[in-house]
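Notes for the one structure printed next.
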Amino acid sequence: MATTHVPTELEALSGKPIAPASELAGRFPLTPSAHPASAERYEKVMSELAFGREFTDHMAHMRWTRDGGWEDRGVIPYGPLTLTPGASVLHYAQSVFEGLKAYRHADGSIWTFRPTYNAARLNHSARRLALPEMDVEDFVASLVDYVRADAKWVPEGDGTSLYLRPFMFASEEFVGVHPAGVVDYYVIGSPSGPYFTSGFTGVPIWVVKGYHRAGPGGTGSAKCGGNYAASLMPQTRAAEKGFSQVCFLDSYEEKYLEELGGMNMFVVMADGSVRTPELTGVILEGGTRSAICRLLRDEGVDVREERIALDELVAGMRSGEVAEVFACGTAAVVTPITRLAGDDFDVELPVGERTKRIHQRLTDIQLGRAEDPYGWMYRID
Ligand code: COI
């Protein structure tokens, strides 16, 4: 039996209509790069798509000051930033970011997925980090103007996209600890292929004990650099053992699953129901997580957002009660987890049918191969 779901604050905010790109375009006027990529470099980058390694010719920018608010909007040449060593972000990590993608559809048009969700989450993260919030339509306009300027960098084909990285940070020159009075916002983009080079074959995950990415009352639900920095050392140790990512447990009892370094998790039970760790304020409220819950619920699947005990999960994987486990996120999309291991267990699972189906359903909407009944897709160009 399908459970009822009350939309979260982010889901409710992201459902508010916004103006089409034709009306938002031009808020960030273009200053064209005098040194765009050569034809050779462009061909090389677009024919060897990796994840997040190469960037396009331009970037969007605006600056906030305590007295003036957000101003100086523009799309400018991509290049190194000039930052004073006294910029407070370098000392206190007052910085938040987002991740979303621009997809090229078969007819050549360019779309993005739920940009208002990312706008709402950026504002949520900004509030937690004492950074300024921004107008949702300004956020979307920054994507529109940037992507239109660098449209040729949006690749075509399954598993490819222009990965968009909006971010803002405290640039005030001040080493006293206080919220910055000067903040810079940028959008950069990277023509990308799959996040995991192994593709859809599945990834091995190490469940870490003794290290946590966030705790109650901390910044776990904000998309801030510090959370990712905290995940790197355990992640490195797991990589040395041959694992692609770590799974973090709750910091009180080290008993319940939270999330991977930068992705949410789902568990598919043999009875067809699906479970995902509940939103406790410690994990990130992923846009892909939210979309998957919605798609599954609309198929009549019983999706339970609840605490998932590691012991029960491992026992279920061994007994067959758990059929599939997968990770999801903007970058990772839907990635099967085919091995879960920790200090005293090591369990394997095949890539499952439900994981394949939800990946197909989601990417069909994102790539324009299936109708979008939710109004999630936003046409950029
Ligand atoms: C994303 O999925 O967009 C993220 O920001 C996560 C990161 C691991 C790339």
Side-chain angles (χ1 to χ4, degrees), residues 10 14 49-55 93 95-103 112-126 128-129 139 143 146-147 154 159-169 185-200 203-206 208 213-214 219-236 238-239 243-248 258-266 276-277 283-292 326-337 358-359 362-363 366 376:
L10 288 191
S14 70
L49 292 168
F51 181 87
R53 293 217 169 269
E54 304 284 349
F55 295 89
S95 159
V96 298
F97 68 97
E98 273 303 320
L100 62 170
K101 288 175 171 173
Y103 307 90
T112 192
F113 183 71
R114 296 179 95 184
T116 50
Y117 190 96
N118 296 83
R121 193 172 61 185
L122 186 73
N123 281 336
H124 165 81
S125 304
R128 181 63 186 85
L129 274 284
F139 175 85
L143 307 178
Y146 161 65
V147 173
V154 182
T160 73
S161 62
L162 177 64
Y163 181 76
L164 304 173
R165 172 51 60 88
F167 60 104
M168 87 163 85
F169 58 88
Y185 165 79
Y186 290 89
V187 183
I188 57 174
S190 175
S192 291
Y195 186 77
F196 290 111
T197 45
S198 56
F200 205 73
V203 291
I205 302 294
W206 178 260
V208 64
R213 64 179 276 288
T219 55
S221 73
K223 203 163 173 67
C224 63
N227 293 343
Y228 294 77
S231 75
L232 293 177
M233 187 268 267
Q235 167 87 36
T236 305
F243 292 86
S244 303
Q245 283 274 318
V246 282
C247 168
F248 290 99
E258 286 195 336
E259 64 169 82
L260 308 186
M263 290 148 222
N264 295 119
M265 280 177 90
F266 279 82
T276 191
I283 68 169
L284 192 77
E285 187 179 335
T288 310
R289 174 192 181 280
S290 152
I292 289 172
F326 65 86
C328 70
T330 298
V333 197
V334 172
T335 299
I337 294 176
I358 198 67
H359 176 265
L362 183 64
T363 53
Q366 291 173 332
W376 284 338

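In listed order, ligands and their atoms are each counted from 1. For this chain, numbers begin at 1 and follow the sequence in order.
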(request) For atom 3 (O) of ligand 1, grab the closest protein heavy atom and report residue, atom and distance to one decimal in Å. (result) Tyr163 OH, 2.5 Å
(message) Measuring from atom SG of Cys328 to atom CE of Met263, what distance do you get when rounded to the nearest 0.5 angstrom?
(response) 9.5 Å
(request) Could you tell me whether Arg165 approaches ligand 1 through its side chain, its backbone, both or neither, with non-hydrogen atoms closer than 4.0 Å? (result) side chain
(request) With heavy atoms of Lys223 as the reference, note each atom of ligand 1 found under 4.0 Å away. (result) 4 (C), 5 (O), 6 (C)
(request) Find all atoms of ligand 1 within a distance of less than 4.0 Å from any non-hydrogen atom belonging to Ala331, and give their numbers and elements. (result) 1 (C), 2 (O), 3 (O), 9 (C)
(request) Any atoms of ligand 1 less than 4.0 Å from a non-hydrogen atom of Tyr195? List them with their elements. (result) 8 (C), 9 (C)
(message) Is there a side-chain contact between Phe200 and Pro336 in this structure, where contact means two heavy atoms from C-beta onward sitting under 4.5 Å apart?
(response) yes
(message) If you define the side chain from C-beta out and look only at heavy atoms, does anything of Leu143 sit under 4.5 Å from Leu100?
(response) yes
(message) Using side-chain heavy atoms (C-beta onward) and a distance below 4.5 Å, is Tyr195 in contact with Val203?
(response) no
(message) Quick check on contacts: which atoms of ligand 1 are under 4.0 angstrom from a heavy atom of Gly99?
(response) 3 (O)
(message) If we count only N and O atoms by modelled type, under 3.5 Å, do the side chains of Glu285 and Tyr117 hold a donor and an acceptor together?
(response) yes
(request) Report yes or no: does Gln235 contribute a side-chain atom to a donor-acceptor pair with the main-chain N or O of Gly261 at less than 3.5 Å? (result) no
(request) Give the single entry among Gly329, Ala332, Gly261, Gly262 that approaches atom 7 (C) of ligand 1 most closely by any heavy atom. (result) Gly262
(request) Check each atom of ligand 1 against the heavy atoms of Phe97 and keep those under 4.0 Å away; list them by number with element. (result) 5 (O)
